[in-house]
J.: 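Pasting in a structure now, in structure tokens, and then I'll have a few things to ask.
Counting starts at 1 for both ligands and their atoms, following the listed order. Computed from a predicted model, the values in this text were never measured in an experiment. For the numbers below, each heavy atom of this structure counts, side chains included, while hydrogens, waters and symmetry mates do not.
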Amino acid sequence: MGPAANHGAPSGQVDQAFWQGRRVLITGHTGFKGAWLSLWLQLLGAEVTGVGATPPTTPSLYELARVGEQMHCVTCDVRDFEGLWRALRDASPEVVIHMAAQPLVRRSYAAPRETYETNVMGTVNVLEAVRRLGSVRAVVVVSSDKCYENLGADAAGFSEDSRLGGHDPYSSSKACTELVAEAYRRSFFEDPDGVRLASARAGNVIGGGDWAEDRLVPDLIGAAIEGRTVLVRNPGYVRPWQHVLNPLSGYLLLAQELCRSADYAGAWNFGPPAQEEVSVATIVQRVAELWPGGVEWEAGDGPGVPEAATLRLDSSKAEHRLGWRPPLSLDDALGATVAWFASVRDGGDARAVTVAQIHPLVRPRRSQLLPVQDSP
Ligand SMILES: NC(=O)c1ccc[n+]([C@@H]2O[C@H](COP(=O)([O-])OP(=O)(O)OC[C@H]3O[C@@H](n4cnc5c(N)ncnc54)[C@H](O)[C@@H]3O)[C@@H](O)[C@H]2O)c1
């Protein structure tokens, strides 16, 4: 196991010295968040192994940005315990960030068993492999803001002590993920010198390279590129929107601090400040202003599938105890997302564009990450 981070109170910064050379295993590296996190860890100089199924969309950020070129990638279903165990044993990671999941609410109605098997038993399998392995110091289980029982317009927002719940299978599966994580923490990972386990609950993320179905910003930009009018469901719904780099910075900070101290075990929210929790309609209007040529849209006829109308997250625990601050404001997030899709549409290299957006958050070894012709 490598040296723990050498600092007193958390700096609130992702520490390159900590990550340099560190063995990190990510599940779900072929997904949207996984691809961004894999590139960020590569920039930090970590030794990264990704475990996951094939990319969930075509196109995918994973393929376009050639994410797998500078990491070890294992194709494995998290429902396959033996395969997962072999991947962990071979990688012998010090840090595990578990993100593989079926992440879509609408799909969870169509495929509830797959959703529970992947999200719940997949988490059990990852934690069981970690328990068996012995080399892991810190595990971050990525859950969702949807793990909370929604009580309508709760102005104060969900704190980590709020009740878990979820009416739809996806939200419920994430509440179950949290319960699994808590049970493993209490039953097997209580020893402060052993595995330290935290869970991270983040809101709706936006960013370049997301092509998932039923996500607002990809739908808007896809329609704009194709010259279609987009039908916007639930324009009044409020969500904690944030750039993908914001929760990822929280996951990295959390793993760093877990390696330093067992005091950071437990559940953590990573969401935007209250003034950036805005409605679907606000996001649509801002994207329409930013996208070259605008976006044609109209409001749809009410909810397609039942979902909570309001989700607000209270991230004060992460702010006070980890020193975490969301690195990008909502305006930055929307600007960066539109710029990403516009650059790639116009022939920009997706890896170079993505790395350039991560770059301000890290001092990367760029020469090792970008082919010469892609350097700006
Ligand atoms: N995107 C968001 O707005 C958002 C919000 C809150 C939480 N999350 C959570 O963040 C995580 C990543 O989400 P994302 O948006 O990157 O999703 P994504 O669909 O882009 O990626 C999911 C990843 O999980 C992998 N995967 C799916 N089923 C698998 C299986 N059975 N075995 C192995 N791998 C499997 C996919 O191959 C992919 O690598 C998920 O846990 C999701 O629930 C996402």
J.: So, regarding Ala100 and ligand 1 (criterion: nitrogen or oxygen to nitrogen or oxygen, under 3.5 Å), is there a contact or not?
T.: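 There is no such contact.
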J.: Considering only heavy atoms of Gly28, which atoms of ligand 1 have at least one such atom less than 4.0 Å away?
T.: 23 (C), 24 (O), 39 (O)
J.: Taking only heavy atoms of Lys174 into account, list the atoms of ligand 1 that are under 4.0 Å away from them.
T.: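 Listed by number with element: 40 (C), 41 (O), 42 (C), 43 (O).
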J.: Heavy-atom distances under 4.0 Å decide this one: backbone, side chain, both or neither, for Asp77 against ligand 1?
T.: both
J.: Is the closest basic N to carboxylate O distance between Arg22 and Glu94 below 4.0 Å?
T.: yes
J.: Nearest protein heavy-atom contact for atom 44 (C) of ligand 1: which residue, which atom, what distance?
T.: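 Atom 44 (C) of ligand 1 sits closest to the protein heavy atom Lys33 NZ, 3.6 Å.
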J.: Can the ring centres of His243 and Trp36 be said to be less than 6.0 Å apart?
T.: yes
J.: Any idea which protein heavy atom is nearest atom 19 (O) of ligand 1, and the distance to it?
T.: Pro103 CG, 3.2 Å
J.: Taking atom types as modelled, is there a side-chain donor on Ser316 or Asp314 under 3.5 Å from an acceptor on the other?
T.: yes
J.: Under a 4.0 angstrom heavy-atom cut-off, which atoms of ligand 1 come close to Met99?
T.: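 Per the distance check, 11 (C), 12 (C), 40 (C), 41 (O).
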J.: Quick check with a 6.0 Å cut-off and a 45 degree axis cone: is Arg321 positioned over the face of Tyr264's six-membered ring?
T.: yes
J.: Under a 4.0 Å heavy-atom limit, does Trp36 contact ligand 1 with its side chain, its backbone, both, or neither?
T.: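 Looking at Trp36 and ligand 1, no heavy atom falls under 4.0 Å.
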J.: For ligand 1 and Gln102, I'd like to know whether there is a polar contact (N/O to N/O, distance under 3.5 Å).
T.: no
J.: Evaluating non-hydrogen atoms only, which member of Gly34, Ser143, Pro55 is closest to atom 7 (C) of ligand 1?
T.: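 Heavy atom nearest to atom 7 (C) of ligand 1 belongs to Ser143.
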J.: Which atoms from ligand 1 have a heavy atom of Thr30 less than 4.0 Å away?
T.: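 In order of numbering, the contacting atoms are 36 (C), 37 (O), 38 (C), 39 (O).
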J.: Quick one: do Arg106 and Asp214 make a salt bridge, cutoff under 4.0 Å?
T.: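 Salt bridge flag = yes for Asp214 with Arg106.
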J.: For ligand 1, which atoms, with element, lie under 4.0 Å from some heavy atom of Cys76?
T.: 32 (N), 33 (C)
J.: Under 4.0 Å, heavy atoms only, figure out whether ligand 1 is touched by the backbone of Arg79, its side chain, both or neither.
T.: side chain
J.: Heavy-atom distances under 4.0 Å are what count here, so tell me which part of Lys146 touches ligand 1: side chain, backbone, both or neither.
T.: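 For Lys146, there is no contact with ligand 1 at all, from either part.
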J.: When you measure from atom 3 (O) of ligand 1 to every protein heavy atom, which one gives the shortest distance, and what is it?
T.: Val205 N, 3.0 Å
J.: Ignoring angles and geometry beyond distance, decide whether Arg215 reaches within less than 3.5 Å of ligand 1 through its nitrogen or oxygen atoms.
T.: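 Between Arg215 and ligand 1, an N or O pair is found under 3.5 Å apart.
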J.: So, regarding Gly31 and ligand 1 (criterion: nitrogen or oxygen to nitrogen or oxygen, under 3.5 Å), is there a contact or not?
T.: yes
J.: When you check the gap from the basic side-chain N to the acidic O, do Glu289 and Arg286 get nearer than 4.0 Å?
T.: no
J.: Please work out which of Ala200, Ser144, Ala101, Gly203 has its closest non-hydrogen atom nearest to atom 5 (C) of ligand 1.
T.: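 That would be Gly203.
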J.: Name the closest protein heavy atom to atom 32 (N) of ligand 1, giving the residue it belongs to and the distance to 0.1 Å.
T.: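 Looking only at protein heavy atoms, the one closest to atom 32 (N) of ligand 1 is Val78 N, 2.8 Å.
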J.: Just checking, any donor-acceptor pair under 3.5 angstrom between side chains of Ser329 and Asp332?
T.: yes
J.: Ignoring hydrogens and geometry beyond distance, is a side-chain donor-acceptor pair present between His29 and Ser38 at under 3.5 Å?
T.: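 There is no such pair between these side chains.
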J.: By the definition side-chain contact (heavy atoms from CB on, under 4.5 Å), identify the one residue from Leu39, Thr54, Thr57, Thr30 that meets it with Tyr62.
T.: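 Testing each of Leu39, Thr54, Thr57, Thr30 against Tyr62, the sole residue satisfying side-chain contact (heavy atoms from CB on, under 4.5 Å) is Thr30.
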J.: Would Arg201 count as a cation-pi partner of Trp268, with NZ or CZ less than 6.0 Å from the six-membered ring centre and within 45° of the ring normal?
T.: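 Cation-pi check for Arg201 and Trp268: fails.
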J.: Walk me through whether Gln102 and Thr118 qualify under side chain to side chain donor-acceptor pair (under 3.5 Å).
T.: CA-CA 6 Å; Gln102 190 302 96; Thr118 300; over 6 Å; no
J.: May I ask you to decide if Thr282's main-chain N or O and Ser279's side chain share a donor-acceptor pair within less than 3.5 Å?
T.: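 Pair found, side chain donor or acceptor close to backbone of Thr282.
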